Colleague: 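Sharing a structure here in structure tokens format.
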Amino acid sequence: MTEKLVIRGVELWKSWLDEAAQARLLAALRPVLQAAPAFSPETPWGRRMSVRMTSAGRYGWYSDRRGYRYVTRHPSGNPWPPIPAEALSIWKSVTGLAREPDCCLINWYGEGARMGMHQDRDEADFSWPVLSVSLGDDALFRVGSVTRGGRTESVWLKSGDVAVIGGAARLVYHGIDRIRFGSSRLLPEGGRINLTLRVVE
Ligand code: MD3
Ligand code: FE
């Protein structure tokens with residue numbers, strides 16, 4: 001049972017994944033997190049992000065003092081593990097695209113973690129959508145417009161929600177203000193995982 005909301009052009013499919021599908025996706029992510037442990041990227045300004053991240057796929061998102069970019073290896077030197085089939089099947093069923101994503105960025109939010117307002121513009125071709133899958137604790141998602149500043153709208157993202165960010169919305173500013181730590185029992189230790197599937201090249 002899903003319901004589609006559109007917020008500033010972001011298509012939000014509430015409860016796209018039922019509890020069993022959420023648990024299956026989480027189980028598929030466990031070996032990815034073992035092979036490619038999450039780390040706190042350093043921003044170009046020399047601060048550590050509060051969100052821990054890792055990736056699966058041919059490319060992973062990375063940041064350090066030299067800037068934001070996609071790289072082919074985890075900081076360990078190993079290639080990123082493959083994107084789990086469970087994640088690829090969500091991409092296929094929601095977007096209908098034959099092209100598979102190159103990157104599954106995994107954002108892990110512990111208590112107090114947040115993500116400031118930003119655009120996603122490290123990919124080569126903005127005509128491809130980005131797909132987001134939320135697991136675990138509720139998160140307050142804020143979306144603005146394609147220019148910085150101005151009015152914003154907020155919505156709580158819940159476990160099992162899927163968002164498609166494409167078309168005119170692809171370059172909107174967005175962020176996560178806070179999570180409601182402990183609001184979901186999906187992750188035994190609390191917290192939130194967000195997957196974003198992206199075409200990079
Ligand atoms: C709007 N992640 O990884 S997902 C990110 O919940 C990111 O972890 C947030 O922003 C999170 O870059 C928000 C929803 C989302 C994802 C990608 C977008 C919104 C987007 C790309 C362009 C515009
Ligand atoms: Fe983003």
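Reckoned from all heavy atoms, side chains included, excluding hydrogens, waters and symmetry mates. Order of listing sets the numbers, starting from 1, for every ligand and every atom in it. Keep in mind that this is a model prediction, so the values were computed, not measured.
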Colleague: Applying a strict 4.0 Å limit to heavy atoms, is Arg198 in contact with ligand 1?
Modeller: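 In this structure, Arg198 qualifies as a contact of ligand 1 - some heavy atom is under 4.0 Å.
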
Colleague: Using the Fe ion (ligand 2) as the apex, give the angle to atoms NE2 (His118) and NE2 (His174), rounded to 10 degrees.
Modeller: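 That angle is 90°.
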
Colleague: Tell me the closest heavy-atom pair linking Ser63 and Pro44, and the distance in Å.
Modeller: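 Reported closest heavy-atom pair: OG-CD, 3.7 Å.
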
Colleague: So if I apply the salt bridge (Lys or Arg N to Asp or Glu O under 4.0 Å) rule between Arg198 and each of Asp102, Asp125, Asp120, which one comes out positive?
Modeller: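 It is Asp120; the other options fail the test.
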
Colleague: Quick one: does any side-chain atom of Asn107 pair with a main-chain N or O of Ile193 as donor and acceptor, under 3.5 Å?
Modeller: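 No; zero donor-acceptor contacts below 3.5 Å.
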
Colleague: Over 60° means perpendicular and under 30° means parallel, so classify the ring planes of Trp80 and His74, tilted if in between.
Modeller: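 Ring orientation of His74 relative to Trp80: perpendicular.
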
Colleague: Is a donor from one side chain sitting under 3.5 angstrom from an acceptor on the other, for Arg192 and Ser134?
Modeller: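 Result is yes, a qualifying pair exists.
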
Colleague: Which of the numbered atoms in ligand 1 are below 4.0 angstrom from a heavy atom of Thr196?
Modeller: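 Result: 3 (O), 16 (C).
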
Colleague: Report the nearest protein non-hydrogen atom to atom 13 (C) of ligand 1: residue, atom name, distance rounded to 0.1 Å.
Modeller: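 Checked against all protein heavy atoms, atom 13 (C) of ligand 1 sits closest to Phe141 CE1, 3.9 Å.
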
Colleague: Which of the numbered atoms in ligand 1 are below 4.0 angstrom from a heavy atom of Tyr109?
Modeller: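 Going through ligand 1 atom by atom, the ones under 4.0 Å from Tyr109 are 6 (O), 8 (O), 9 (C), 11 (C).
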
Colleague: Measuring from atom NE2 of His174 to atom CD of Gln119, what distance do you get when rounded to the nearest 0.5 angstrom?
Modeller: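 Going from NE2 on His174 over to CD on Gln119, the span is 9.0 Å.
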
Colleague: Looking at ligand 1, is there an atom of it that comes within less than 4.0 Å of some heavy atom belonging to His118?
Modeller: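 True for this residue.
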
Colleague: Answer yes or no for Arg192: is there a heavy-atom contact with ligand 1 below 4.0 Å?
Modeller: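 Yes.
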
Colleague: Among protein heavy atoms, which sits nearest to atom 7 (C) of ligand 1, and what does the distance come to when rounded to 0.1 Å?
Modeller: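 Here the nearest protein heavy atom works out to Met115 SD, 3.5 Å.
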
Colleague: Using a 3.5 Å cut-off on N or O atoms only, is Ser132 in polar contact with ligand 1?
Modeller: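 So ligand 1 has no N or O lying under 3.5 Å from an N or O of Ser132.
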
Colleague: Is it true that Val130 lies under 4.0 Å from ligand 1, counting heavy atoms only?
Modeller: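 Yes, Val130 has heavy atoms under 4.0 Å from ligand 1.
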
Colleague: Looking only at protein heavy atoms, which one is nearest to atom 3 (O) of ligand 1, and how far off is it?
Modeller: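 Ranking protein heavy atoms by distance from atom 3 (O) of ligand 1, first comes Asn107 OD1, 2.9 Å.
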
Colleague: Looking only at distances, please establish whether an N/O atom of ligand 1 is found under 3.5 Å from an N/O atom of Arg170.
Modeller: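 The answer is no, given that Arg170 and ligand 1 share no N or O pair closer than 3.5 Å.
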
Colleague: Side chain of Asp137, backbone of Ser183: donor and acceptor closer than 3.5 Å?
Modeller: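 Checked: pair present.
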
Colleague: Would you say that more than 12 heavy atoms from the other residues, nucleotides or ligands in this model lie under 6.0 Å from the NZ of Lys14, or not?
Modeller: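 Result for NZ/Lys14: enclosed.
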
Colleague: Taking Asn194 for its side chain and Val133 for its backbone only, find out whether a donor-acceptor pair lies under 3.5 Å.
Modeller: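 Looks like yes, one N/O pair under 3.5 Å.
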
Colleague: Which atom, among the N/O/S set of Asp120, is closest to the Fe ion (ligand 2)?
Modeller: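 For Asp120, the N, O or S atom at the smallest distance from the Fe ion (ligand 2) is OD1.
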
Colleague: Which residue and non-hydrogen atom of the protein lie closest to atom 15 (C) of ligand 1, and at what distance in Å?
Modeller: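 Nearest protein contact, heavy atoms only, for atom 15 (C) of ligand 1 is Ile165 CD1, 3.5 Å.
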
Colleague: Quick check: is Tyr109 connected to Leu186 through a chain of hydrophobic side chains (ILVMFWY, heavy atoms under 4.5 Å apart)?
Modeller: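 No, no single cluster joins them.
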
Colleague: Measure Leu105 to ligand 1 on non-hydrogen atoms and call it side chain, backbone, both or neither using the 4.0 Å cut-off.
Modeller: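 The part of Leu105 near ligand 1 is the side chain, not the backbone.
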
